[in-house]
Amino acid sequence: MAALTADVQTPVKIHLTTKINLDGEEETFEMILFGQYYRKNNAVFLKYDEVQEEGTIHTLVKVNGEEATIFRKGIINMRMKFRLNEQKDGSHASEYGSLLLSTDTKRLAHLEHGGKCEGTINLGYDLYMQGTHAGKYDMEIQYREETGSL
């Protein structure tokens with residue numbers, strides 16, 4: 001029998017909503033995904049795959065108190081860091097080359113619902129690519145333990 005570790009993974013259903021506002025134009029993207037939730041060293045992790053025509057992107061979201069990080073690996077490799085009221089550098093690499101990203105975080109909140117594997121992560125930030133403003137982003141990640149019932 002395998003020993004239980006602190007980072008037991010729980011299957012979750014994830015509802016990801018991203019609103020991008022650039023030059024007065026707003027776009028909204030929504031995805032329903034299935035992934036894993038776990039805790040390790042006072043941080044919460046969500047792990048899920050985004051399957052696109054070009055290939056799969058493995059995504060890991062880490063929230064630890066006043067910081068959040070999003071790692072994406074696959075057809076693109078990306079790292080973005082978020083800390084409230086701070087500008088943080090990140091990177092984006094694909095078959096087309098590498099870009100320097102930076103985020104200026106205006107909102108970072110993580111609310112968990114009383115002892116259940118359920119919660120919401122909210123991120124609001126300005127994104128810069130190679131120093132040029134690429135839009136205001138509002139991202140909401142809702143997750144809930146996947147019980148198999150509807």
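Bear in mind that the values here come from a model prediction, so they are computed numbers and not experimental data.
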Query raised in the report: Which side chain to side chain donor-acceptor pair (under 3.5 Å) pairs, counting each pair once, include a residue from residues 50-63, with sequence neighbours left out?
Result: Asp49-His58, Glu50-Thr59, Glu50-Arg72

Report summary line: Contacts of Ser98 meeting side-chain contact (heavy atoms from CB on, under 4.5 Å) (sequence neighbours excluded), chain-then-number -> Ala93

Report summary line: Nearest heavy-atom approach of Cys117 to Thr10 is SG-CG2, 3.9 Å

Query - Thr120 side chain reached by Glu140 side chain, heavy atoms, under 4.5 Å - result: yes

Report task. Look at the rings of Phe45 and Tyr38 and say which category their plane angle falls in: under 30° parallel, 30 to 60° tilted, over 60° perpendicular. Result -> parallel

Query - Side chain to side chain, Ile141 and Leu46, heavy atoms closer than 4.5 Å - result: yes

Report task. Indicate the atoms forming the closest heavy-atom contact of His110 with Val63, along with that distance. Result -> CB-CG1, 3.8 Å

Query raised in the report: Would you call Tyr143 and Ile121 a side-chain contact if the rule is heavy atoms closer than 4.5 Å?
Result: yes

Query raised in the report: Quick check: does any side chain N or O of Gln130 sit under 3.5 Å from a backbone N or O of Leu100, one acting as donor and the other as acceptor?
Result: yes

Query raised in the report: CG of Asn41 to CG of Asn64: how many Å apart, nearest 0.5 Å?
Result: 8.5 Å

Query raised in the report: Which heavy atom in Tyr48 sits nearest to a heavy atom in Gly35, and how many Å separate them?
Result: CB-CA, 4.1 Å

Query raised in the report: Could Asp104 and Lys106 be called an ion pair, given the rule that one side-chain N must be under 4.0 Å from one carboxylate O?
Result: yes

Report task. Please examine the side chains of Tyr137 and Met80, heavy atoms only from C-beta on, and report whether any two atoms are closer than 4.5 Å. Result -> no

Query raised in the report: Of the non-hydrogen atoms in Gly55 and Ile75, which two are nearest, and what is the gap between them?
Result: CA-CG2, 3.6 Å

**Report entry** Smallest separation among heavy atoms of Ala134 and Leu22, with atom names
**Finding:** C-CD1, 3.9 Å

Query - Test item: Gln87 and Tyr128 side chains (from C-beta on) under 4.5 Å apart, heavy atoms - result: yes

Could you list the donor-acceptor pairs under 3.5 angstrom formed between side-chain atoms of residues 25-34 and any protein atom two or more places apart in sequence or on another chain?
{"residue": "Glu30", "atom": "OE1", "partner": "His15", "partner atom": "NE2", "Å": "2.6"}

Requested in this report: Answer yes when Lys13 and Glu146 have at least one side-chain N-carboxylate O distance shorter than 4.0 Å, and no when they do not.
Outcome: no

Query raised in the report: Can you check whether Met139 reaches Leu16 side chain to side chain, under 4.5 Å on heavy atoms?
Result: yes

Report task. Taking all heavy atoms of Ile76 and all of Ser94, pick out the closest pair and write down the distance. Result -> CG2-CB, 3.9 Å

Query raised in the report: Judged by atom type as modelled, is there a donor-acceptor pair below 3.5 Å linking the side chain of Thr105 to the main-chain atoms of Arg107?
Result: no

